[in-house]
There are 2 protein chains.
Amino acid sequence: MSSKYDGLKLENQICFPLYAASREVIKRYRPYLDALQLTYTQYIAMMVFWQEKSLSVKELGEKLFLDSGTLTPVLKSLEAKGYIIRSRSKADERVLEAKITEKGENLKEQAVTVPQSVAGCVKLDSTEVKQLYNLLYKVLDVLNED
Amino acid sequence: MSSKYDGLKLENQICFPLYAASREVIKRYRPYLDALQLTYTQYIAMMVFWQEKSLSVKELGEKLFLDSGTLTPVLKSLEAKGYIIRSRSKADERVLEAKITEKGENLKEQAVTVPQSVAGCVKLDSTEVKQLYNLLYKVLDVLNED
DNA sequence: CTAAATTAAATTGAGCACAACTTAATTATA
DNA sequence: TATAATTAAGTTGTGCTCAATTTAATTTAG
């Protein structure tokens with residue numbers, strides 16, 4: 001039996017399992033990230049720095065889908081821990097460049113086991129992971145177009 | 001060329017697109033929910049009340065994957081708006097029962113168009129939505145087992 | 001060249017999300 | 001049946017997340 005209210009059920013809105021699964025997976029990172037003294041947001045920022053070495057707040061924000069309101073305190077915290085250095089661009093004083101330090105590079109060695117450890121909890125086979133991955137990026141790409 | 005650090009790339013961790021897509025989709029709800037004077041968390045709580053009419057904080061928390069630390073202020077806010085009433089269970093004074101009001105029921109009429117409006121932004125076809133749905137619940141079910 | 005528009009970060013304030021702890025009620029056990 | 005253990009909510013404190021605003025630097029147009 002269906003009604004005009006069916007769309008208003010939790011189990012009929014894709015957005016709810018997305019939201020719940022996201023939080024539950026992030027929770028699984030916590031014990032491993034606690035050992036590194038990183039929050040999840042600090043961790044994904046460091047993942048970008050391990051690849052890019054140096055970038056502006058705006059560039060980092062585009063990669064993480066976060067704005068300066070979120071990133072400014074996260075970057076200050078990472079700088080306080082000694083993993084990055086923040087400095088104004090000489091070419092354009094509006095731009096803040098964040099650059100990974102030697103200490104930040106070294107942290108990569110300790111972080112390298114984190115993804116495998118968490119992957120063990122999720123228990124999708126490689127085909128399913130690929131499917132999920134493609135669907136999520138399809139959603140992200142469309143929403144990112146605006 | 002692959003390295004032992006490949007797992008530490010954003011694009012190789014399922015958790016990142018999950019986190020980013022979740023936030024981006026929720027952002028699409030905002031304009032519609034603003035019109036109802038509801039936040040997203042208040043909205044998913046109301047979705048449960050539209051189905052269940054009355055339940056305890058614990059039961060609601062199990063459905064939403066949220067604890068009393070999050071739900072207590074959300075429920076107080078919904079009560080302040082007149083959509084629910086909170087009262088202690090007579091059978092067990094520890095339990096707080098939250099019950100939808102007439103006004104809360106009426107809100108459903110205004111909310112009924114929200115899911116369709118947002119679904120339009122996501123742009124997955126019905127097969128893809130079903131796939132995504134199944135994969136997300138698979139992740140949730142496994143993580144929920146502990 | 002200068003005023004207006006744009007841009008990049010930072011700031012502010014509201015509302016989660018969650019861990020850790022507290023309080024009060026109920027249940028289990030010695 | 002005392003008391004110990006457990007349970008349900010609430011409280012507290014930290015850290016996002018985001019919208020809206022502010023500040024300062026740069027670019028664009030008149």
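Here is the naming used below: chain letters follow the sequence lines, and residue numbers restart at 1 for every chain.
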Problem set entry | Selection: residues 74-86 of chain A, any non-hydrogen atom under 4.0 Å of DNA chain D | A/Val74
For this session: Considering just the side-chain nitrogens and oxygens of B/Tyr19, establish if one lies under 4.0 Å of OP1 or OP2 belonging to D/dT17.
Result: yes
Exercise. Hey, does A/Arg23 have a side-chain heavy atom less than 4.5 Å from the side chain of B/Leu66?
Worked result: yes
Exercise. Can A/Arg30 be said to sit on top of A/Tyr32's aromatic six-ring, NZ or CZ under 6.0 Å from centre and within 45° of the ring axis?
Worked result: no
For this session: Give the rounded distance in Å between these two atoms: CG of A/Leu33 and P of C/dA19.
Result: 13 Å
Exercise. Looking at B/Phe65 versus A/Tyr19, is the centre-to-centre ring distance below 6.0 Å?
Worked result: no
Seminar exercise, completed: Rounded to whole Å, the CG-P distance (B/Leu66 to D/dA8) equals 16 Å
Exercise. Does the side chain of A/Gln13 come under 3.5 Å of the side chain of B/Tyr43 through a donor N or O and an acceptor N or O?
Worked result: yes
Exercise. Given atom CD1 of A/Ile26 and atom C1' of C/dC16, what is their separation to the nearest angstrom?
Worked result: 14 Å
Problem set entry | Within 6.0 angstrom of A/Lys63 NZ, more than 12 heavy atoms from elsewhere | no
Problem set entry | Residue pair B/Met47 / A/Lys9, side-chain heavy-atom distance below 4.5 Å | no
Exercise. Does any residue of residues 52-59 of chain B have a heavy atom under 4.0 Å from DNA chain D, and if so, which ones, in number order?
Worked result: B/Ser56, B/Val57, B/Lys58
Exercise. Starting at CZ of A/Arg28 and ending at C1' of C/dA17, how long is that distance when rounded to a whole Å?
Worked result: 16 Å
Seminar exercise, completed: DNA chain D nearest-nucleotide lookup for A/Ser89 and A/Pro73: closer to the 5′ end is A/Pro73
Problem set entry | A/Thr70 side chain near D/dT17 phosphate (N/O to OP1/OP2, under 4.0 Å) | no
For this session: Would you mind telling me which residue lines up with the more 5' stretch of DNA chain C, A/Leu71 or A/Lys27, judged by nearest nucleotide?
Result: A/Leu71
For this session: Return the value, rounded to whole Å, for the distance between atom CG of A/Asp34 and atom P of C/dC18.
Result: 14 Å
Exercise. Quick one: does A/Thr41's side chain get under 4.5 Å of A/Leu64's, heavy atoms only?
Worked result: no
Problem set entry | Distance in angstrom units between A/Phe16 CZ and C/dA17 P, rounded | 11 Å
Exercise. Any idea which of D/dA8, D/dT26, C/dC16 is nearest the B/Thr41 side chain?
Worked result: C/dC16
Problem set entry | Minimum side-chain heavy-atom gap B/Lys138-B/Leu136 below 4.5 Å | no
Problem set entry | Exam field: side chain B/Trp50 to backbone B/Ala45, donor-acceptor pair closer than 3.5 Å | no
For this session: Look at the side chain of B/Ser68 and the base of D/dA8, then say whether one donor and one acceptor between them are separated by less than 3.5 Å.
Result: no
Exercise. Is the distance from OP1 or OP2 of D/dC16 to the nearest side-chain N or O of A/Thr39 less than 4.0 Å?
Worked result: yes
For this session: Round to the nearest Å and state the distance from B/Tyr29 atom OH to D/dC18 atom P.
Result: 16 Å
Exercise. Between D/dA25 atom P and A/Arg94 atom CZ, what is the distance in whole Å?
Worked result: 10 Å
Exercise. OP1 or OP2 of C/dC16 sitting under 4.0 Å from any side-chain N/O of B/Arg23?
Worked result: no
Exercise. On DNA chain C, nearest-nucleotide positions of B/Asp92 versus B/Asp67: which is more 5'?
Worked result: B/Asp67
Exercise. Should A/Gln42 be listed as having a side-chain N or O under 4.0 Å from OP1 or OP2 of D/dC16?
Worked result: yes
Exercise. Does A/Arg30 have a side-chain nitrogen or oxygen under 4.0 Å from the phosphate oxygens OP1 or OP2 of D/dC16?
Worked result: no
For this session: Taking all non-hydrogen atoms of both residues into account, name the closest pair between A/Glu24 and B/Leu140 and its distance.
Result: CG-CD2, 3.8 Å
